Amino acid sequence: MIFRHILPCIAAALLAAGCSRSVDFEIDNPTDKPLTLSIDQQVHTLLPHTSLPLTLEPGQYRLQGEKIGTVRMVVYADGIGGLINPALAEYVIVTEQYVTSKTNTGNLASKVELNDVVIEGPYVKATGLFIPRRWDVGLLGELPTTVVSNSPDTSSDYRTKLYNVPGFFQYLEAEEDLKEAFGPSGYQTPAAEVAFTPAQLPDLPVAYEAQGKPMRELYAQYLAATDAGEQKRLKKGSLKLWQDFVKTRAQMSGQVPVADDVQANAFASAFFDIWTQPAVILPDPAPAG
């Protein structure tokens, strides 16, 4: 079934992890000046408003740039990749909806805020030095004009694409409205600092701490793991720990204060989240001495 392209509509799009050993990334420079990013002393120079693809093996890398200083990035095996953002710029994930002539009820409202200007539509803002991939089409690709469905009963389908802010404004095709909204100075990239992956899991109530201890140890080991085989081994061992912790929470339901259960839930969520990350950003340790 062929869908025709109409106005976008929001949808979630989390890609499944691949099986290849190497992991695909993009590096972007949405600014008006050249930008340099060093990865393990290999220098990547991006001209203004350009992007480039990059493939990295699982392991630890040292990143250096004018805005980010020196940081470490650990790339995990079988990850989905994403965007390396040395400009610390803002990005927008756009969802396009494709429909047939059938009645469709998939219009879901959303909005994005840039410089206090709210833009209505199926848009999600993304920020950070590393932005995990949760789009179908990256900066270097284009959304298709049509998509093909294998289901004759499906009346709509969705594709998501990542845009930097200049590209997003071009996509909107609303130059005069944008000039009026952002004023004479136009859109300005907000000041930002590198956000690091937490070095440890959140605090736990005493009643849960004994079971949380091996989870803390595994979390710390995973942040430091640079070998693909070790990363996979640790990830495999995480599932039972998480399941046992969730089971304990269920057994203690009603026996602990609500605040303690909320704290335990935050701990479990943070533990689960680390295993879904294709990469993490860590501080560069201070030189010895």
Side-chain angles (χ1 to χ4, degrees), residues 1-20 23-30 49-55 78-85 89-115 117-128 130-182 187 276-279:
M1 182 178 295
I2 304 292
F3 293 94
R4 67 176 182 272
H5 168 226
I6 66 165
L7 294 176
C9 186
I10 194 165
L14 180 61
L15 301 181
C19 297
S20 62
V23 183
D24 294 328
F25 298 88
E26 289 180 327
I27 308 174
D28 185 45
N29 176 16
H49 303 286
T50 60
S51 308
L52 62 85
L54 178 72
T55 299
D78 298 336
I80 57 176
L83 176 71
I84 300 174
N85 175 21
E90 295 183 313
Y91 289 80
V92 179
I93 302 170
V94 170
T95 302
E96 284 279 3
Q97 181 185 12
Y98 301 79
V99 302
T100 65
S101 58
K102 291 183 178 181
T103 300
N104 175 66
T105 58
N107 291 318
L108 301 176
S110 185
K111 61 186 177 182
V112 66
E113 184 174 328
L114 302 169
N115 286 172
V117 175
V118 176
I119 302 175
E120 301 284 344
Y123 316 131
V124 177
K125 184 161 67 175
T127 59
F130 172 67
I131 303 175
R133 181 173 180 176
R134 52 184 186 272
W135 49 84
D136 298 310
V137 182
L139 294 170
L140 296 170
E142 298 293 338
L143 284 165
T145 303
T146 60
V147 298
V148 178
S149 171
N150 294 322
S151 172
D153 299 323
T154 302
S155 63
S156 65
D157 201 349
Y158 304 90
R159 295 293 185 273
T160 52
K161 174 170 168 56
L162 178 71
Y163 287 97
N164 55 33
V165 172
F168 176 59
F169 288 167
Q170 291 178 5
Y171 162 83
L172 291 175
E173 297 181 345
E175 183 177 355
E176 294 304 318
D177 291 339
L178 292 170
K179 284 182 179 179
E180 181 179 351
F182 287 95
Y187 168 81
T276 68
Q277 297 303 311

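None of the values given here were measured: they were computed from a predicted structure.
- Under 3.5 Å, the side chains of T50 and N29 contain no donor-acceptor pair of N or O atoms.
- Closest heavy-atom contact between S110 and P122: CB-CA, 4.0 Å.
- Taking 4.0 Å as the cut-off between side-chain N and carboxylate O, K125 and E90 count as a salt-bridged pair.
- A pairwise comparison of heavy atoms in H49 and P30 identifies CE1-O, 3.0 Å as the closest pair.
- Among all heavy-atom pairs drawn from T145 and Y98, the shortest one is O-CE2, 3.6 Å.
- Remark: side-chain polar atoms of N85 are paired, donor with acceptor, to backbone N or O of G128 under 3.5 angstrom.
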Evaluate the side-chain contact (heavy atoms from CB on, under 4.5 Å) criterion for residues R134 and I93: first the C-alpha distance (whole Å), next the side-chain angles of each, then the deciding distance (0.1 Å), finally the verdict. CA-CA 8 Å; R134 52 184 186 272; I93 302 170; 3.6 Å; yes
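- Among residues two or more places apart in sequence or in another chain, the side-chain contact (heavy atoms from CB on, under 4.5 Å) test is passed with N115 by F182, Y187, Q188, P190.
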Passes side-chain contact (heavy atoms from CB on, under 4.5 Å), F25 versus V23? Steps please. CA-CA 7 Å; F25 298 88; V23 183; 3.6 Å; yes
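- Of the residues listed (T160, D136, L143, V124), the one engaging T95 in a side chain to side chain contact (heavy atoms under 4.5 Å, CB included) is T160, and it is the only one.
- Between Q277 and P132, the shortest heavy-atom distance links the atoms OE1-CG, 3.5 Å.
- Considering only heavy atoms from C-beta on, L162 stays 4.5 Å or farther from V137 through its side chain.
- For Y123 and F168, the ring centers are positioned less than 6.0 Å apart.
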Can you list the steps and then say if Y158 with Q97 is a side-chain contact (heavy atoms from CB on, under 4.5 Å)? CA-CA 5 Å; Y158 304 90; Q97 181 185 12; 3.7 Å; yes
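- Considering only heavy atoms from C-beta on, V94 comes within 4.5 Å of Y171 through its side chain.
- D157 has a carboxylate O that lies under 4.0 Å from a charged side-chain N of R159, or vice versa, which qualifies the two as a salt bridge.
- For E26 (side chain) and L140 (main-chain N/O), a donor-acceptor pair under 3.5 Å exists by modelled atom type.
- Looking at D28 and Y91, their side chains do bring a donor and an acceptor atom within 3.5 Å of each other.
- Of all heavy-atom pairs spanning L139 and S51, the tightest one is CD1-OG, 3.8 Å.
- When all heavy atoms are compared, the tightest approach of G79 to P278 is CA-CB, 4.0 Å.
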